[in-house]
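Letters A, B, ... mirror the listed sequences (proteins, then strands); counts begin at 1.
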Number of protein chains: 2
Amino acid sequence: MHHVIVDGVLDLIGGGATLTSLSLVDVARRTGISRNSIYRRWHSKDELFSDVVKSMTRPLPDLTKQSARENLVTLMDVSFDRVTDQRERRMAETIVAEAQNFPDLHEQYLAEIVAPLNHAMKLAIRRGKEIGEIRPDIDENLLCDVLVSCTFAQSSTNFTEGLDLESANRRKIDLVFDGVSPM
Amino acid sequence: MHHVIVDGVLDLIGGGATLTSLSLVDVARRTGISRNSIYRRWHSKDELFSDVVKSMTRPLPDLTKQSARENLVTLMDVSFDRVTDQRERRMAETIVAEAQNFPDLHEQYLAEIVAPLNHAMKLAIRRGKEIGEIRPDIDENLLCDVLVSCTFAQSSTNFTEGLDLESANRRKIDLVFDGVSPM
DNA sequence: AAGTTACGCAACATAACTGTTCCGTTATAT
DNA sequence: ATATAACGGAACAGTTATGTTGCGTAACTT
């Protein structure tokens with residue numbers, strides 16, 4: 001039941017609803033569960049949304065590869081998968097867009113979804129430095145920012161025309177590693 | 001009057017409202033203009049929003065510098081300024097988040113806001129290739145995607161801690177140009 | 001089998017936005 | 001000065017969500 005409702009919320013958000021506009025009436029209609037039962041379980045929309053975000057957390061892969069490039073591509077792919085999922089992407093977009101209306105939810109999102117990816121990225125970068133694959137003078141925050149941006153922004157703007165999504169992350173990593181200047 | 005209402009909408013969106021949740025009652029209250037007058041001028045919320053997006057278009061700077069790095073930094077700064085503006089950033093985020101509910105608006109946003117920046121970026125990249133500042137084998141779409149992502153994503157995730165925003169764009173350009181691998 | 005828990009259905013008052021209408025007032029133009 | 005256009009105020013019915021309550025039923029426990 002819990003899972004059905006959380007799932008229904010994700011469906012509705014994925015279908016175009018907004019955190020503000022989503023009504024518990026909609027959720028009840030969608031899931032076939034009485035509005036009453038929903039009110040019994042969650043005392044506010046915020047609590048329900050919090051459980052939805054909790055359901056979105058997934059374990060990140062371990063950094064098993066020896067190559068920093070490989071590890072970073074893996075992380076970007078994971079993040080990209082998440083962005084590719086219509087429901088979770090829309091949920092994330094809506095949380096960002098309505099951060100002011102749901103500040104706690106936004107914070108939870110940053111802490112449970114964004115931060116872990118960020119942390120793993122930095123770890124991979126640091127290891128890349130240790131094994132001499134990344135120059136030691138590179139700003140970890142800056143590089144991390146660039147890479148995470150690439151996976152997140154892809155959804156926000158549809159400017160990616162004629163870009164092979166399968167290999168995009170790998171090619172972006174190569175681009176950032178090798179640079180675009182002539183040797 | 002026209003301008004006052006459009007401005008009021010931007011204020012409200014910037015203050016946390018959603019395209020869906022924003023009511024013309026709110027707009028009337030905010031602007032002090034009677035709800036009646038608003039209905040007379042715009043027959044739907046979509047038309048009003050369309051004018052709001054129109055008000056957000058700004059001319060992009062010409063690519064006057066000789067250096068591709070400089071031109072690209074300039075473009076990223078312009079884009080970053082836009083993202084820094086609380087109202088326009090929120091408007092953009094909301095349009096993306098509610099693309100399904102307002103497909104025409106989303107298309108207009110892509111065409112009038114995103115596409116021009118994208119186009120200018122690619123032009124700058126192409127010139128960089130011509131003058132030998134960028135390797136000819138670099139995929140323009142890929143590079144453009146990475147750079148535009150950086151400016152757009154900055155808003156979506158607040159992972160940018162300890163990053164000097166003033167110089168961030170320049171340093172990102174340098175990072176992408178020079179690469180992170182040891183020479 | 002009896003008790004507890006969870007659920008669905010229905011109703012309720014309250015509140016908010018919509019779209020439209022009618023009417024009075026204030027500018028603006030010629 | 002007078003006609004036209006633009007505006008504000010107020011009211012209207014229709015729709016929708018909220019939060020709560022009462023009641024009947026189904027399932028699960030011991």
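- Qualifying ring pair (Phe, Tyr, Trp, His ring centres under 6.0 Å) partners for Phe102(A), counting only residues two or more places apart in sequence or in other chains: Phe49(A).
- Heavy-atom nearest nucleotides on DNA chain D were determined for Ser21(A) and for Gly32(B), and the one closer to the 5' end corresponds to Gly32(B).
- Evaluation of atom-type donor-acceptor distances gives no pair under 3.5 Å for the side chain of Arg40(A) against the base of dG19(D).
- When the shell of 6.0 Å around CG of Asp62(B) is examined, it contains 12 or fewer heavy atoms from other residues, nucleotides or ligands.
- For Ser37(B), a side-chain nitrogen or oxygen approaches OP1 or OP2 of dG8(D) to under 4.0 Å.
- Salt bridge annotation for Lys54(B)-Asp51(B): present, with a cationic side-chain nitrogen under 4.0 angstrom from a carboxylate oxygen.
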Give the C-alpha distance, both sets of side-chain angles, the deciding distance and a yes or no for side chain to side chain donor-acceptor pair (under 3.5 Å) between Ser79(B) and Thr151(B).
CA-CA 6 Å; Ser79(B) 173; Thr151(B) 68; 2.9 Å; yes
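- Applying the 3.5 Å distance criterion, the base of dG19(C) shares no donor-acceptor pair with the side chain of Asn36(B).
- One finds a side-chain N or O of Ser34(A) lying less than 4.0 angstrom from the OP1 or OP2 phosphate oxygen of dG8(C).
- Listed pair Arg29(A) / dG8(C) fails the phosphate criterion, with no side-chain N or O lying under 4.0 Å from OP1 or OP2.
- Taking atom CG of Leu22(B) as the reference point, atom P of dC17(C) lies 10 Å away to the nearest angstrom.
- Between Glu88(B) and Arg58(B) there is a salt bridge, since a side-chain N of the basic residue sits under 4.0 Å from a carboxylate O of the acidic one.
- Here dT20(D) presents its P atom at 8 Å from OH of Tyr39(A), a figure rounded to the nearest Å.
- Nearest to the side-chain atoms of Arg35(B) among the listed nucleotides dG19(C), dC17(C), dG19(D) stands dG19(C).
- Atom CG in Leu48(A) sits roughly 11 Å away from atom P in dT18(D) (whole-Å rounding).
- Between the CD1 atom of Ile5(A) and the P atom of dA6(C) there is a distance of 13 Å, rounded to whole Å.
- Spacing between atom CE of Met1(B) and atom C1' of dG8(D) amounts to 11 Å, rounded to whole angstrom units.
- Here dA5(D) presents its P atom at 15 Å from CZ of Arg41(B), a figure rounded to the nearest Å.
- The NE2 atom of His2(B) sits 21 Å away from the P atom of dA5(D) (whole-angstrom rounding).
- Taking atom CG of Asp26(A) as the reference point, atom P of dT15(D) lies 17 Å away to the nearest angstrom.
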